[in-house]
Amino acid sequence: MKDILTHEEAEKCLDILEETYPDAHCELEHNSPYELLVATILSAQCTDIRVNKVTREMFKKYNTPKDFAYMDIKKLESLIKECGIYRNKAKNIKASSSVILEEYNGEVPNTIEELMKLPGVGKKTANVVASTAFGVPAIAVDTHVFRVSNRIGFVHEKNVEATERALQNKIDKNRWTKAHHLFIFHGRRCCTARNPKCEICTINKICRYYEGDS
DNA sequence: AACTCGGGGCA
DNA sequence: TGCCCAGAGTT
């Protein structure tokens with residue numbers, strides 16, 4: 001059984017990752033909370049690169065809840081086709097936009113709880129939007145966060161729920177959001193699911209996976 | 001907690 | 001074809 005990073009190592013790990021990825025924020029490009037919400041809904045089972053491309057293009061013409069709430073569903077489906085599962089996503093974007101328009105006066109709600117009431121918005125999307133757009137401290141354990149945090153030994157848990165609790169205990173609340181984005185950046189750029197680039201990894205001196213495998 | 005649903009892109 | 005991808009909703 002591998003040990004896990006000490007509190008000091010964990011702090012240092014986050015420090016190094018911050019230096020490594022100075023631009024680490026949200027990988028989903030956005031100019032407004034609403035754009036981020038749409039992009040995040042699109043990001044389910046789809047790479048951020050493709051989401052950014054589709055969203056950027058679409059928002060040149062359509063960029064308000066009103067635009068999408070009244071848009072023909074077929075048209076919306078064709079606009080977001082590249083992002084996959086587009087029928088559900090189109091339906092959800094349209095429906096969420098209507099709710100935002102009618103119940104929130106056109107403004108995206110700023111709490112995790114309210115965001116989750118929107119159709120197609122679950123825990124992860126709500127966390128990303130609330131933390132990125134509104135500064136709510138949050139850690140949403142997606143595949144990257146789960147893989148990276150467990151692999152390097154930041155925590156040692158077997159499922160996402162336990163990982164989320166462990167991370168919240170291990171990390172100061174004011175660093176939750178930052179840590180969330182850092183794990184995802186690291187997971188995409190270096191600590192990939194297969195063939196991680198351990199030799200160029202900036203935290204390989206601390207990493208339990210690297211120690212254990214070398 | 002386990003399960004279903006879901007689709008384009010790329011090798 | 002098979003595998004990947006920053007999930008949501010229902011039971």
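Naming: A, B, ... by sequence-line order, numbering from 1 per chain.
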Check DNA chain B against residues 131-152 of chain A and give the residues with a non-hydrogen atom under 4.0 Å, in numerical order.
none
According to side-chain hydrogen bond (donor to acceptor under 3.5 Å, both in side chains), who are the partners of A:Lys123, at least two apart in sequence or on a separate chain?
A:Glu164
Name every residue in residues 52-63 of chain A that has at least one heavy atom under 4.0 Å from any atom of DNA chain B, in order of residue number, or write none if there are no such residues.
none
With sequence neighbours left out, which residue pairs that include part of residues 101-113 of chain A fulfil the side-chain hydrogen bond (donor to acceptor under 3.5 Å, both in side chains) condition?
A:Tyr104-A:Glu114
Is A:Ile73 linked to A:Leu79 within one hydrophobic cluster, defined over Ile, Leu, Val, Met, Phe, Trp and Tyr using a side-chain heavy-atom separation of less than 4.5 Å?
no
Could you list the residues that satisfy side-chain hydrogen bond (donor to acceptor under 3.5 Å, both in side chains) with A:Lys197, not counting sequence neighbours?
none
Rounded to whole angstrom, note down the C1' distance from B:dC5 over to C:dC5.
15 Å
Do A:Ser97 and A:Tyr70 pair up side chain to side chain, a donor and an acceptor below 3.5 Å, judged on atom types alone?
no
Return the value, rounded to whole Å, for the distance between atom CG of A:Asn159 and atom P of B:dC3.
15 Å
Could you see if A:Val136 belongs to whatever hydrophobic cluster contains A:Ile139? Use Ile, Leu, Val, Met, Phe, Trp, Tyr and a side-chain cutoff under 4.5 Å.
no
Sticking with atom C1', work out how far B:dG6 lies from C:dC3, rounded to a whole angstrom.
15 Å
Terminal contacting nucleotides, 5' and 3', DNA chain C versus chain A (heavy atom, 4.0 Å):
C:dC4 to C:dG9
Going by heavy atoms closer than 4.0 Å, what residues in residues 37-51 of chain A are next to DNA chain B?
A:Gln45, A:Arg50
Taking only side-chain nitrogens and oxygens of A:Arg87, does any of them come within less than 4.0 Å of OP1 or OP2 of B:dG6?
no
Given side chains that start at C-beta, do those of A:Leu5 and A:Phe154 come closer than 4.5 Å, heavy atoms only?
yes
Taking the ring centre of each residue, are A:Phe68 and A:Phe59 less than 6.0 Å apart?
yes
Presence of A:Tyr86 side-chain N/O under 4.0 Å of B:dG8 phosphate oxygens OP1/OP2
yes
Assign each of A:Arg188 and A:Gly120 to its nearest nucleotide of DNA chain C by heavy atoms, then name whichever residue's nucleotide is nearer the 5' end.
A:Arg188
Do A:Leu76 and A:Lys94 have side chains that approach each other closer than 4.5 Å (heavy atoms only, starting at C-beta)?
yes
Can you check whether A:Leu101 reaches A:Lys66 side chain to side chain, under 4.5 Å on heavy atoms?
yes
Could you list the residues that satisfy ring pair (Phe, Tyr, Trp, His ring centres under 6.0 Å) with A:His144, not counting sequence neighbours?
none
According to side-chain hydrogen bond (donor to acceptor under 3.5 Å, both in side chains), who are the partners of A:Glu27, at least two apart in sequence or on a separate chain?
A:Arg188
Residues which pass side-chain hydrogen bond (donor to acceptor under 3.5 Å, both in side chains) with A:Arg189, listed by chain and number, not counting sequence neighbours:
none
What parts of residues 75-84 of chain A reach DNA chain B, counting only heavy atoms under 4.0 Å away?
A:Lys81, A:Glu82, A:Gly84
Residue pairs fulfilling salt bridge (charged side-chain N to carboxylate O under 4.0 Å, His left out) with at least one residue in residues 79-89 of chain A, sequence neighbours excluded
A:Lys53-A:Glu82
Taking atom NZ as the centre, does A:Lys178 end up with more than 12 heavy-atom neighbours from other residues, nucleotides or ligands that are less than 6.0 angstrom away?
yes
Sole residue of A:Leu36, A:Leu28, A:Ile112 in side-chain contact (heavy atoms from CB on, under 4.5 Å) with A:Val129
A:Leu36
Euclidean distance for C1', B:dG9 against C:dA8 (whole angstrom)
22 Å
